[in-house]
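Before we start, here is the structure in question, set down as structure tokens.
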Amino acid sequence: MPNRPSANLTLEFLAIFRHIVGSPNFVFLLTLKIGQRNESDLLLRWTSRHSLALCWLLLTLTVASFALLKSSPSASELFFLPTDWAHWLDVNYDVRTVLLTFGVALPPALILHPNSCRWERRGMLSAVLVLLVGCEFAQLAMPKRGFGWPDIGYTVLGIFVCETLVVGIELFANIPRKISN
């Protein structure tokens, strides 16, 4: 009798469930994969990298939401910015959208730069993209704020540059190891 994919999936799920219940570590189920894989491929261990990235995201997404959803688009109302910076950001309106995206997404992307964290990093960048674009669309309901497609484009560009930069750093860091092997 040939193995059915649903039977393999059920057996793998039960093996993973047994492993999670019996493990003293806090383990998250990342994904279920059908095929001949060991259980360690299917599990994601929560590390200090993940905690640090999550803390940064919570802090910066709160500040970004405040900046995007306040009643005026002026950066001078952000009390924590020096006056010269706020004036420069008001003059360079489109650049501040990219800088906001970099400020939110780049540090956690760099924290999660190892190849083993690639899918967590991309999931995090996708979530940041959805939240920042959602805040841009929320400006439609605000009387003194304006919605603009260039802001959406600059946000997407910022996320794309973050991922490209991290992948470039990862490739560059692996060059000496590949040459020596």
Side-chain angles (χ1 to χ4, degrees), residues 26-31 43-176:
F26 188 61
V27 180
F28 286 98
L29 182 61
L30 177 62
T31 183
L43 300 174
L44 164 70
R45 298 199 185 277
W46 191 263
T47 64
S48 58
R49 286 180 183 270
H50 296 92
S51 298
L52 187 60
L54 180 64
C55 288
W56 180 266
L57 284 176
L58 291 175
L59 177 71
T60 56
L61 283 173
T62 302
V63 172
S65 297
F66 171 73
L68 290 170
L69 299 176
K70 62 186 180 63
S71 61
S72 169
S74 175
S76 60
E77 291 180 7
L78 300 173
F79 62 89
F80 49 85
L81 283 180
T83 309
D84 294 338
W85 289 12
H87 178 68
W88 185 84
L89 289 172
D90 285 338
V91 170
N92 301 301
Y93 182 77
D94 292 331
V95 174
R96 80 174 162 193
T97 304
V98 174
L99 291 177
L100 175 75
T101 306
F102 281 163
V104 172
L106 190 58
L110 290 172
I111 290 168
L112 297 175
H113 84 279
N115 200 22
S116 62
C117 297
R118 153 177 89 236
W119 294 109
E120 294 95 331
R121 181 183 69 241
R122 291 177 181 164
M124 179 269 309
L125 288 173
S126 299
V128 167
L129 179 65
V130 167
L131 290 170
L132 291 178
V133 168
C135 285
E136 291 290 343
F137 275 104
Q139 291 177 0
L140 287 170
M142 301 179 73
K144 294 182 181 177
R145 294 300 299 260
F147 171 79
W149 285 105
D151 288 339
I152 303 292
Y154 286 119
T155 301
V156 171
L157 176 69
I159 294 292
F160 178 75
V161 170
C162 284
E163 176 64 13
T164 304
L165 183 65
V166 171
V167 169
I169 289 170
E170 189 173 300
L171 290 174
F172 184 72
N174 287 332
I175 288 174

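Note that the numbering runs from 1 along the sequence shown for the chain.
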Task: Output field: ring centroids Trp149/Phe137 closer than 6.0 Å - done: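 Ring centroids of Trp149 and Phe137 are less than 6.0 Å from each other.
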
Open item on the list: Checking the side chain of Arg96 only, and the main-chain atoms of Trp88 only, is there a donor and an acceptor separated by less than 3.5 Å?
Closed with: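 No, Arg96 side chain to Trp88 backbone: no donor-acceptor pair under 3.5 Å.
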
- [ ] Specify the closest pair of heavy atoms between Ser72 and Glu77, including all atoms of both residues, with the distance to one decimal.
- [x] CB-OE2, 3.1 Å

Open item on the list: For Asp94 and Val98: C-alpha separation, side-chain torsions, deciding distance, then whether side chain to side chain contact (heavy atoms under 4.5 Å, CB included) applies.
Closed with: CA-CA 7 Å; Asp94 292 331; Val98 174; over 6 Å; no

Task: Nearest atoms (heavy-atom pairs only) where Met124 meets Ala105 - done: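 Distance-wise, the nearest heavy atoms are CE-O, 4.2 Å.
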
TODO: Taking all non-hydrogen atoms of both residues into account, name the closest pair between Phe102 and Val161 and its distance.
DONE: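 Between these two residues, the closest heavy atoms are CZ-CG1, 3.6 Å.
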
Open item on the list: With a 3.5 Å distance limit and no angle check, can you tell me whether Asp90 reaches the backbone of Ser74 through a side-chain donor-acceptor pair?
Closed with: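 Checking the backbone N and O of Ser74 against the side chain of Asp90, no donor-acceptor pair under 3.5 Å is found.
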
Task: Shortest non-hydrogen contact from Ser71 toward Arg145 - done: O-CD, 3.6 Å

Task: Val166 vs Arg122, side chain to side chain contact (heavy atoms under 4.5 Å, CB included): CA-CA, chis, key distance, verdict - done: CA-CA 11 Å; Val166 171; Arg122 291 177 181 164; over 6 Å; no

- [ ] Take Val167 and Leu171 through the side chain to side chain contact (heavy atoms under 4.5 Å, CB included) test and state the conclusion after the steps.
- [x] CA-CA 6 Å; Val167 169; Leu171 290 174; 4.1 Å; yes

- [ ] Output, in order, the C-alpha distance, side-chain angles, deciding distance and verdict of side chain to side chain contact (heavy atoms under 4.5 Å, CB included) for Leu99 and Leu89.
- [x] CA-CA 9 Å; Leu99 291 177; Leu89 289 172; 4.0 Å; yes

Open item on the list: Return the CG to CG distance between Leu68 and Leu131, rounded to the nearest 0.5 Å.
Closed with: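 If I round to the nearest 0.5 Å, the distance is 11.0 Å.
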
Open item on the list: Nearest 0.5 Å, please: how far is CG in Leu165 from CZ in Phe160?
Closed with: 11.5 Å

TODO: Can you see which heavy atom on Met142 is nearest to which on Lys70, and at what distance?
DONE: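 That would be CE-O, 3.5 Å.
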
Task: Any donor-acceptor pair under 3.5 Å from Arg49 side chain to Leu112 backbone - done: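 No, because the side chain of Arg49 does not come within donor-acceptor range (under 3.5 Å) of the backbone of Leu112.
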
TODO: Taking all non-hydrogen atoms of both residues into account, name the closest pair between Cys135 and Leu69 and its distance.
DONE: O-CD2, 3.7 Å

